[in-house]
Amino acid sequence: MTDIEEKPLNFIRRIIEKDLAANKNEGRVVTRFPPEPNGFLHIGHAKSICLNFGIAEHYQGSCNLRFDDTNPAKEEQQYIDAIQEDVRWLGFQWQDQIRHASHYFDQFYEFALGLIQGGKAYICSLSAQETREYRGSLTEPGRNSPYRDRSVEENLDLFARMKAGEFDEGAHVLRAKIDMASSNMNMRDPTLYRIRKVIHHQTGDAWCVYPMYDYAHCISDAIEGITHSLCTLEFEDHRPLYDWILNQLDIAHPQQIEFSRLELEYTITSKRKLNQLVVDQCVSGWDDPRMPTIAGLRRRGYTPAALRDFCERIGVTKSENRVEMSVLENCIREDLGARAPRVMGVLRPLKIVIENYPEDQVEDVVASNHPQDESMGTRTLPFAREIYIEQDDFREQANRKFKRLVLEGEVRLRHAYVIKCESVIEDGEGNIVELRCSYDKDTLGKNPEGRKVRGVIHWVSAQHALDAEVRLYDRLCNVPNPGAEEDIVETLNPDSLETLLNCKVEPGLAKAAAWTAYQFERVGYFCVDSKDSTEQAMVFNRTVGLKDSWAKMVSKGKS
RNA sequence: UGGGCUGUCGCCAAGCGGUAAGGCACAAGGUUUUGAUCCUUGCAUGCGGAGGUUCGAAUCCUCCCAGCCCAGCCA
């Protein structure tokens, strides 16, 4: 018997297994992913999605996608659409139809009536400012609202009239009657309903009172038969209120469990701040490839598999964390390394004329599409007298550590011949504009005899190559924890996007479809941009570079 | 200075009283027509700190320290 090392359970799964063992909830496991449609989903949401849907999958339960749409002023249909696309793209399926908290508005209202009748809620007519003053502080208890002891009849009447639209926004709210002296601020008679004369994206003008999160969320969970309601740490203090509300009602009682949100170094996971970047046009949109949004990562070339793997690797705990970018990058490299066909693309071209190669000759050389996966087959590449190589791959002179082309030195052209640099042509200002080389005819598919050629560089045929634009992305922000800074714009990395306009890629890429991932050998992983690329003007996004131990040596000054 | 929570390797993270998993990162080798991949090796006498209980403590107890969250009619 071989014992496969099981990945240890996270604390939430441990709780669920215990519940299952105790036959709690009759063995059902029902979770939900409850975004507010007020922005695009980001990598932090991916963690929550993977957790909630992953648990449902694993325990053969189900997971609902529910829009937590209780604040119409901030929400939009476009976000509802984008969120569904993102969840589906990540590869998850929600249980039957989409849910909306707004679908339960009638039930919320009925339950509120019940609370009022039971003396558990009252209409408070304090202004927002007064309410704040009555609430007390972290160290001082609050005081009871003067409206706290209104009669049930008066409360019922007022609430009905609030619903009927008789009052202006802010005139009254419905509050739970709990304990103004509680050390938990959330229990100091929290607001349950407020008046908002706003058109709701789902319910139109049907309502002018809208429930608060704390009131709507727990009841939504209960209505849907959620067994485990997973949310982030900042809601820990809300759990007593979650439980209190459900305890007042004759209704199911899901268990709220909190876990820490994901933070990623050098970027932000705050919808508010991401929205600011979009609004201020610091980025091209929610799906700008520099954004940590799911849409941005997708456009950048990240795959669902990589994101899911990432969420698996980072774990689920209650401790605050800020994960290094390298973990995410490793995930996408691993996925694409196995699956992306290899091609050649020259980002910063340097022209080479192979002087001993016949003027008009063009021959096809065979190149494997994946060195470790023969099933991906081969393709042919046109080889001719004039080619482009990478500027970085030539130095007039260099020590032995530099395994590329030097003047009077030899190098292997990937999948093709060994060439030797005979001379360098400069412009008037000392810039190298062209190399004159010779090739060794007897080196196609075999090593030259009597000498060793240490380097291999990529190339494209000058007359056959396609012009392309390549966008290189770097970290969005300059500081590891930009969220801690007062002004997010100040932290933005001015070099987060570098656009290269004169790149040359191999001709076979002409028919490359949007989103398709390729490895440009020796450079990195790229995909065709889904928005800006056309057949006439191709645009590639660099998803992530290849690991580059040479660059590391150079930056350390070892070469 | 009220309440809630968290502190295990540079970053994540197992561990649940029997003597510190794993991943990423990093370092050193090897293979290689990608300086990629792959392979091998190294990387916490230490678990926020101090006491205590125990044959035995990261795990239990006490005290202390640090960090995060809460005073929206946001979620």
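It should be emphasised that the depicted structure is a prediction, and the values quoted were computed from it without experimental measurement. The sequence lines fix the lettering, A, B, ..., with proteins before strands; numbering per chain opens at 1.
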The side chain of [X] is closest to which nucleotide in this list: [options]?
| X | options | result |
| --- | --- | --- |
| A:R14 | B:rC16, B:rG67, B:rC69 | B:rC16 |
| A:T317 | B:rG35, B:rA13, B:rG23 | B:rA13 |
| A:E36 | B:rA25, B:rA75, B:rU33 | B:rA75 |
| A:R414 | B:rA71, B:rU33, B:rG67 | B:rU33 |
| A:M212 | B:rG35, B:rA71, B:rA75 | B:rA75 |
| A:P8 | B:rG7, B:rA21, B:rA75 | B:rA21 |
| A:K547 | B:rC68, B:rU34, B:rA36 | B:rA36 |
| A:V173 | B:rC74, B:rA14, B:rC73 | B:rC73 |
| A:E234 | B:rA36, B:rG35, B:rA75 | B:rA75 |
| A:M185 | B:rC11, B:rU6, B:rG2 | B:rG2 |

Nucleotide [N], atom [atom2] - distance to [atom1] of [X] in whole Å:
| X | N | atom1 | atom2 | value |
| --- | --- | --- | --- | --- |
| A:N186 | B:rC74 | CG | P | 14 Å |
| A:R135 | B:rG2 | CZ | C1' | 16 Å |
| A:D237 | B:rU6 | CG | C1' | 13 Å |
| A:E312 | B:rG23 | CD | P | 15 Å |
| A:L546 | B:rA36 | CG | C1' | 4 Å |
| A:K271 | B:rC74 | NZ | P | 16 Å |
| A:R196 | B:rA75 | CZ | C1' | 13 Å |
| A:E140 | B:rA71 | CD | P | 16 Å |

Going by distance alone, is a donor N or O of one side chain under 3.5 Å from an acceptor N or O of the other, for A:R32 and A:H217?
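Yes - a donor-acceptor pair under 3.5 Å links their side chains.
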Could you check whether A:E258 and A:Q256, counting side-chain N and O atoms only, form a donor-acceptor pair closer than 3.5 Å?
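Per modelled atom types, A:Q256 and A:E258 side chains form a pair under 3.5 Å.
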Rounded distance in Å between the [atom1] positions of [N] and [M]:
| N | M | atom1 | value |
| --- | --- | --- | --- |
| B:rG46 | B:rC9 | P | 13 Å |
| B:rA21 | B:rG15 | P | 13 Å |
| B:rA57 | B:rA50 | P | 15 Å |
| B:rU8 | B:rA58 | P | 15 Å |
| B:rA36 | B:rA25 | P | 13 Å |
| B:rG23 | B:rG17 | C1' | 28 Å |
| B:rU6 | B:rC43 | P | 32 Å |
| B:rC11 | B:rU41 | P | 26 Å |

Classify the side chain of [X] versus the base of [N] as yes if they form a donor-acceptor pair under 3.5 Å and no if they do not.
| X | N | answer |
| --- | --- | --- |
| A:D548 | B:rG35 | no |
| A:R194 | B:rG72 | no |
| A:R333 | B:rU37 | no |
| A:R522 | B:rU34 | no |

Using a 4.0 Å heavy-atom cut-off, does [X] contact any base of the nucleic acid, only the sugar-phosphate backbone, or nothing at all?
| X | answer |
| --- | --- |
| A:Q372 | base |
| A:S368 | nothing |
| A:G445 | base |

Searching all strands shown, indicate the nucleotide that pairs with [N] (Watson-Crick or G-U wobble; both distances under 3.5 Å).
| N | value |
| --- | --- |
| B:rC60 | B:rG52 |
| B:rC5 | B:rG67 |
| B:rU31 | none |
| B:rC43 | none |

Only one of A:Y525, A:F526, A:W459 clears ring-ring contact (aromatic ring centres under 6.0 Å, His included) with A:F520; which?
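Output: one option passes, namely A:F526.
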Which glycosidic conformation, syn or anti, is assigned to B:rG51 if syn requires a torsion within 90° of zero?
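Because its glycosidic torsion lies more than 90° from 0, B:rG51 adopts the anti conformation.
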Please state whether the rings of A:H100 and A:H201 are parallel, tilted or perpendicular, taking 30° and 60° as the class boundaries.
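It falls in the tilted class, 30° to 60°.
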Applying side chain to side chain donor-acceptor pair (under 3.5 Å) between A:H238 and each of A:N184, A:D243, A:D214, report the one that passes.
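The option that passes is A:D214.
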So does A:L262 get a backbone contact from the side chain of A:T269, meaning a donor-acceptor N/O pair under 3.5 Å?
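Yes, the answer is positive, given that a donor and an acceptor are paired below the 3.5 Å cut-off.
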Using atom types as modelled and distance alone, determine if a side-chain donor or acceptor of A:K197 lies under 3.5 Å from a backbone N or O of A:F167.
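Indeed, once roles are kept as given, a pair shorter than 3.5 Å links the two residues.
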Aromatic stack A:Y213/B:rA75: centroid gap under 5.5 Å, interplanar angle under 30°:
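So A:Y213 does not count as stacking on the base.
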Return the 5'-most residue of the pair A:N330, A:E236 with respect to RNA chain B, ranking by each residue's nearest nucleotide.
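Counting from the 5' end, the first nearest nucleotide belongs to A:E236.
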Could you check whether A:R175 makes a cation-pi contact with A:Y122, meaning its NZ or CZ is under 6.0 Å from the centre of the six-membered ring and within 45° of the ring axis?
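Cation-pi check for A:R175 and A:Y122: fails.
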